[in-house]
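First comes the structure, then the notes that go with it.
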Amino acid sequence: MADFVGKAAGLSISRRNFIKASASAAASLSLAGCSNSLSTVGVDAALDNGEKWVSSACWHNCGGRCVNKALVKDGMVIRQKTDDTHPDSPEYPQHRACLRGRSQQQDVLGADRIKYPLKRKNWQPGGGDKSLRGRDEWERITWDEALDYVAAEIKKAKENYGPQSIMSFARTGWTRNVLYAYGGTTTHWDTTSYGSYRFPWEKIGMGQYDNYSVNDRFDLKNSDTVILVGGNSAWSAPGLYSYFFLQAKKAGAEFISVGPNYNAIAATLDARWIPVHAGTDTAFLLAVAHTLITEDDPVSNPLIDWDCLNRCTLGFDAEHMPEGAKLKENFKDYVLGEYDGVPKTAAWASKICGTPVEDILFYARKIRKDNKVAMYHDYAPARCIGAEDFPHIFATIGFMTGHMGKPGHACGNIHKEQVNAGPALVKAGGSGLPKISNPVKDCINSPSLWKSILDGKYLYTGSFQWLPGEWKDIDIRVLYTEDKAVLQGLPAMTHGIEVHRKVDFVVTQAFNYNTQAKYSDIILPVTTQWERPGMVMTRDKEAVLVYSQVIEPLYEAKSDQWIAVELAKRLGIDVEQVFPIDEKQQFFNQIAGCTVISEDGKSYSPLVTITADDIAKWEVKGEPQSGKIGLQELIDRGVYQVERHEGDNYGYYAYEDFIKDPENHPLTSPSGKFEIYSDWKADTLNNTGIANMTFKPYPSYTVAPECYEATFSDWENQVKGEYPYVVTNPHYLRRTHCNQDNVPWLREACHNPVFLNRQDAEKKGIKTGDTVLIWNAHGKTLRQASVSDTTMPGIVELPHGRWIDMDEKTGIDRAGTDNILCGPVASNMGVSGYNNYTCDFKKYDGEPLIPDHLIPAQTAKVL
Ligand SMILES: Nc1nc2c(c(=O)[nH]1)N[C@H]1C(S)=C(S)[C@@H](COP(=O)(O)OP(=O)(O)OC[C@H]3O[C@@H](n4cnc5c(=O)[nH]c(N)nc54)[C@H](O)[C@@H]3O)O[C@H]1N2
Ligand SMILES: Nc1nc2c(c(=O)[nH]1)N[C@H]1C(S)=C(S)[C@@H](COP(=O)(O)OP(=O)(O)OC[C@H]3O[C@@H](n4cnc5c(=O)[nH]c(N)nc54)[C@H](O)[C@@H]3O)O[C@H]1N2
Ligand code: SF4
Ligand SMILES: [Mo]
């Protein structure tokens with residue numbers, strides 16, 4: 001198999017053409033789906049002998065799910081393409097891949113693939129020289145040796161210190177299931193994508209994260225105004241989401257973008273920019289509420305939808321308080337300053353959020369009840385320390401102005417594909433594997449995870465339960481990482497590295513030499529999804545993707561499940577209990593279980609026609625069934641998509657029934673209404689002990705431990721402190737988190753600078769291209785500057801996910817790694833402050849950085 005990669009070097013896409021194409025895509029919109037130039041269907045008519053297009057997975061956690069195909073000849077990939085299964089149209093759009101999907105071949109066939117099981121040179125059972133983790137050399141070992149070592153270390157930890165001394169990190173969790181069956185492991189809980197939306201907001205009547213809180217995509221064009229509060233779909237949700245916005249733009253909608261930068265989607269849609277410091281949206285929206293309350297006149301200037309507010313909510317004013325409220329306070333009087341003497345005026349908010357007063361007034365007047373407005377947010381504003389009340393105030397504003405439940409009006413989240421909200425029209429089947437539960441209850445909140453392990457104690461608040469905090473001892477001995485990037489992806493990486501050099505044993509399953517692998521003792525090489533039987537993934541609500549095996553496993557790589565099974569055998573676990581069926585059967589079950597909605601929009605029936613011959617050919621267990629597409633046709637197409645048309649039965653308006661008739665269609669809160677006042681919320685947040693902030697039962701403004709206000713040493717007199725800038729971590733076009741960071745084409749197309757505001761940079765004599773040192777109390781990192789006016793003054797945008805490159809002598813990371821600077825700081829809900837931690841920066845006087853694409857790929861040095 002070794003010459004596979006040599007052969008693949010002759011891929012027929014030229015690097016120059018790829019870079020040219022993807023750089024211009026990045027500059028304009030970054031997503032293939034928005035250009036109509038690629039609407040040719042059936043371009044592969046003239047395939048050479050032996051060539052075959054195979055539907056190839058793009059499986060990372062980006063939010064998109066696109067059609068990617070690999071042209072395979074003699075077992076080798078020679079080209080990629082995207083969706084040409086049908087002509088493109090707004091009603092029935094193609095699912096075109098972005099630049100990352102189209103470069104997947106460079107990830108799968110990368111120089112950094114782990115070829116064999118590896119053992120760190122200075123590792124000995126028990127740890128060896130642990131300080132060399134992350135900088136040691138590697139020795140090739142056999143699979144038997146590797147698995148025996150891993151099993152022995154796990155057994156030792158469990159026997160000597162209990163199963164809670166093993167910490168497992170996994171997304172899918174095949175090996176984790178084995179470890180659960182073996183006695184369990186400590187885990188962590190992380191608000192990740194959702195920030196403060198991870199809270200059970202359904203208890204006050206809101207949908208929780210990733211619910212369908214807005215309308216079907218066909219309704220977008222009915223809005224006159226579309227507001228995006230912290231969303232940049234052009235980078236962070238490639239695929240159809242931006243394409244849907246373009247349809248609304250064509251239909252005449254005006255766009256407004258609220259956030260700390262004028263981002264790519266705002267520019268594409270020619271949106272009006274309302275600048276808001278990161279982490280201060282709650283203050284901004286409180287001032288919007290103040291403006292609505294003080295300017296509203298039901299007759300001469302109707303801004304507020306009093307009918308909606310009075311029928312559907314509790315806690316807005318003294319006349320609509322919930323029974324038994326502990327605090328005799330209501331939202332309206334708080335906003336007017338009745339309790340603290342501070343009216344939450346536009347001038348008050350402007351000092352906090354940096355938004356000009358006239359922009360706040362403009363926003364409030366624009367969302368008046370009679371305008372057709374869709375107010376959307378992605379979760380970036382919720383991924384801030386102290387963003388606890390952002391979801392509550394966002395929905396409160398929606399109910400105040402009545403923008404929900406009817407055509408053209410919406411208020412809610414549009415994370416990933418959720419801008420096309422409503423129940424899925426086509427669904428994937430389950431794999432048929434059993435769920436294994438974890439007997440160990442220890443579960444640590446992410447921001448404090450590494451520090452807790454170093455300290456040997458942590459604050460237990462349950463797993464996403466926000467229980468009253470209780471300190472517990474913890475003694476972690478083994479770190480087992482599967483398909484998560486915890487060292488790279490969690491806050492406080494400096495502590496993370498210390499932890500990785502402290503524990504007895506670190507093992508990682510990895511296909512490339514990523515950060516987790518680098519800081520391990522044993523690396524178990526896994527196959528990528530291109531080397532496995534296949535998988536079904538869902539896309540937006542209109543499609544399922546079916547990916548097939550593209551190539552044979554490279555080198556000695558094995559699937560995660562194979563590893564899990566082998567480990568189970570060594571740990572004495574009954575394999576049948578954890579993996580009663582093999583990977584091919586699991587793939588088959590996912591396909592056979594796909595269901596599709598009927599044209600009346602009511603019932604679901606099997607999607608795929610499966611014959612007795614198919615079952616025999618696949619050598620799986622199953623029953624013949626009839627559906628809308630044959631098994632082989634589905635495999636060949638790689639996608640099944642429900643065709644939409646205006647007036648079809650798949651429309652959806654969030655909150656429609658509730659707004660029309662709240663008594664008979666109650667929300668999920670105890671009162672059945674949307675609770676602007678909730679004692680449960682305040683009590684839960686105020687008792688976690690994670691931080692000492694005090695929250696009110698209604699949305700209010702609170703100052704967080706690290707945030708914009710913390711950039712001042714004297715807030716009253718506006719004197720800046722030691723770390724005068726706020727950092728945000730945009731999810732960057734070049735990567736999905738840390739995935740594909742090493743792909744040469746992507747590195748050349750997207751340079752991964754730190755984005756700085758022009759005035760801020762000029763004050764420090766920094767120009768675009770200069771190497772900049774960025775630092776704070778948690779660490780130091782370097783990046784090349786990109787200076788412009790699209791970043792607000794006071795904001796430093798450091799793209800998320802760059803693989804660490806720590807200079808051990810200086811303690812400076814040369815990669816611009818976000819979590820070197822993002823520290824172990826959280827507010828009461830345990831939200832990671834990915835978008836509002838503080839820093840300072842200056843022009844670096846050491847050796848300047850060279851562009852990432854000129855740096856050789858990070859590979860394991862095998863002796
Ligand atoms: N500072 C900062 N930190 C952040 C964020 C931020 O904005 N700022 N964003 C946060 C968010 S929103 C999220 S969702 C998280 C994401 O955090 P993670 O989910 O941990 O991030 P990924 O980079 O997707 O990690 C996936 C890892 O699994 C590996 N992998 C992929 N496929 C396979 C496979 O089949 N088998 C095995 N064994 N390994 C595989 C990849 O190589 C990669 O190392 O990061 C969070 N971290
Ligand atoms: N290319 C790429 N796509 C991805 C990912 C990736 O890593 N790379 N990750 C995927 C995942 S798991 C996630 S969670 C999503 C994340 O998706 P998003 O939350 O949309 O991603 P971000 O890029 O962090 O932020 C979007 C915009 O919000 C702005 N913003 C940041 N902080 C604030 C704030 O406090 N208030 C306001 N109003 N705006 C703010 C940012 O400046 C940015 O322009 O992306 C998904 N898609
Ligand atoms: S990275 Fe995401 S958006 Fe890009 S092709 Fe893959 S699935 Fe689609
Ligand atoms: Mo995320």
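Here, residue 1 is the first one in the sequence, and each next residue gets the next number. It should be emphasised that the depicted structure is a prediction, and the values quoted were computed from it without experimental measurement. Order of listing sets the numbers, starting from 1, for every ligand and every atom in it. When reading the values below, keep in mind they use all heavy atoms of this one structure, side chains included, and skip hydrogens, waters and symmetry mates.
The distance between the ring centers of His853 and Trp745 does not fall below 6.0 angstrom. The aromatic ring centroids of Tyr197 and His377 lie less than 6.0 Å from each other. In this structure, Phe199 has its ring center at least 6.0 angstrom away from the ring center of Tyr194.
Judged by the shortest distance from any of its heavy atoms, Asn739 lies outside the 4.0 Å radius around the atoms of ligand 2. Assignment of His415 to the shell around ligand 2 is supported, since a heavy atom sits closer than 4.0 Å. In this structure, Cys62 is part of the shell of residues with a heavy atom less than 4.0 angstrom from ligand 2. Heavy atoms of Val276 stay at 4.0 angstrom or farther from ligand 2.
Among protein atoms, those of element N, O or S found less than 2.8 Å away from atom 2 (Fe) of ligand 3 are Cys62 SG.
Close approach to Asn261 involves these atoms of ligand 2, each under 4.0 Å from a residue heavy atom: 41 (C), 42 (O), 43 (C), 44 (O). Close contacts of ligand 2 with Val229, meaning ligand atoms under 4.0 Å from a residue heavy atom, involve 38 (N). For ligand 2, the atoms closer than 4.0 angstrom to any heavy atom of Asn729 are 24 (O). Each of the atoms 14 (S), 16 (C), 18 (P), 19 (O), 21 (O), 22 (P), 24 (O) of ligand 2 lies under 4.0 Å from some heavy atom of Arg383. Of all atoms in ligand 2, numbered sequentially from 1 with element shown, those under 4.0 Å from a heavy atom of Thr736 are 6 (C), 7 (O), 8 (N). Which parts of ligand 3 touch Asn68 is read off a 4.0 Å heavy-atom cut-off, strictly below it: atoms 5 (S). The distance from ligand 2 to the heavy atoms of Gly279 drops below 4.0 Å at these ligand atoms: 34 (C), 35 (O). Each of the following atoms of ligand 2 lies closer than 4.0 Å to a heavy atom of Arg735: 1 (N), 2 (C), 6 (C), 7 (O), 8 (N). Of all atoms in ligand 2, listed by their number and element, those nearer than 4.0 Å to a heavy atom of Asn835 are 31 (C), 32 (N).
For Arg272 and Asp359, the salt-bridge test passes: some basic side-chain N is under 4.0 Å from an acidic carboxylate O. Here Arg198 does not pair with Asp190 in a salt bridge; the nearest charged N to carboxylate O distance is not below 4.0 Å. Using a cutoff of 4.0 Å between basic side-chain nitrogens and carboxylate oxygens, Glu254 and Lys249 are not scored as salt-bridged.
Only the backbone of Tyr732 comes within 4.0 Å of ligand 2, judged by heavy-atom distances. Only the side chain of Cys384 comes within contact range of ligand 2, with a heavy atom under 4.0 Å; no backbone atom does. Counting heavy atoms closer than 4.0 Å to ligand 2, residue Asn61 contributes atoms from both its backbone and its side chain. At a heavy-atom cutoff of 4.0 Å, ligand 2 is contacted by no atom of His277, backbone or side chain. Residue His377 does not touch ligand 2, judged by heavy-atom distances below 4.0 Å. Neither the backbone nor the side chain of Thr280 comes within 4.0 Å of ligand 2, counting heavy atoms alone. Under 4.0 Å from ligand 3, not a single heavy atom of Leu99 appears.
Relative orientation of the Tyr701 and Trp348 rings is perpendicular, given thresholds of 30° and 60° on the angle between their planes.
The side chain to side chain donor-acceptor pair (under 3.5 Å) test with Arg802 is passed by exactly one of Asp852, Thr515, Thr781, Thr817: Asp852. For the side chain to side chain contact (heavy atoms under 4.5 Å, CB included) criterion with Tyr363, the lone passing option out of Thr291, Thr355, Ile227, Val276 is Ile227. Partner of Gln641 under the side chain to side chain donor-acceptor pair (under 3.5 Å) criterion, chosen from Glu542, His95, Gln94: His95. A side chain to side chain donor-acceptor pair (under 3.5 Å) with Gln80 is found for one member of Lys69, Gln106, Gln105, Arg102 and no other, namely Gln105. Just one of Asn819, Asp818, Asn835, Asn729 meets the side chain to side chain donor-acceptor pair (under 3.5 Å) condition when paired with His800; it is Asp818. When the options His731, Arg383, His415 are evaluated for a side chain to side chain donor-acceptor pair (under 3.5 Å) with Asp378, the one that passes is His415.
Atom CG of Leu798 is separated from atom CG of Asn752 by 7.5 Å, given to the nearest 0.5 angstrom. Annotation: the span from Asp741 atom CG to Ile804 atom CD1 amounts to 12.0 Å, rounded to 0.5 Å. Here OH of Tyr837 is found 8.0 Å from OG1 of Thr728. Values are rounded to the nearest 0.5 Å. We find the CH2-CG distance between Trp273 and Leu228 to be 14.5 Å, quoted to the nearest 0.5 Å.
When only interatomic distances are considered, the shortest N/O to N/O separation between Val258 and ligand 2 falls below 3.5 Å. The distance criterion of under 3.5 Å between nitrogen or oxygen atoms is not met by Thr728 with respect to ligand 2. Among the atoms of Ser193, none of the N or O lies under 3.5 angstrom from an N or O of ligand 2. For ligand 2, the polar-atom distance check finds no N/O of His800 at less than 3.5 Å from any of the ligand's N/O atoms.
Within the 4.5 Å cutoff, side-chain heavy atoms of Ile265 are placed close to those of Phe245.
Side chain of His403 to backbone of Ile367: a donor-acceptor contact under 3.5 angstrom is found.
Comparing Gly231, Ser236, Cys707, Ser233 by heavy-atom distance to atom 17 (O) of ligand 2, the nearest is Ser236. Looking at Gly259, Pro260, Ala278, Pro730, it is Pro260 that brings a heavy atom closest to atom 40 (C) of ligand 2.
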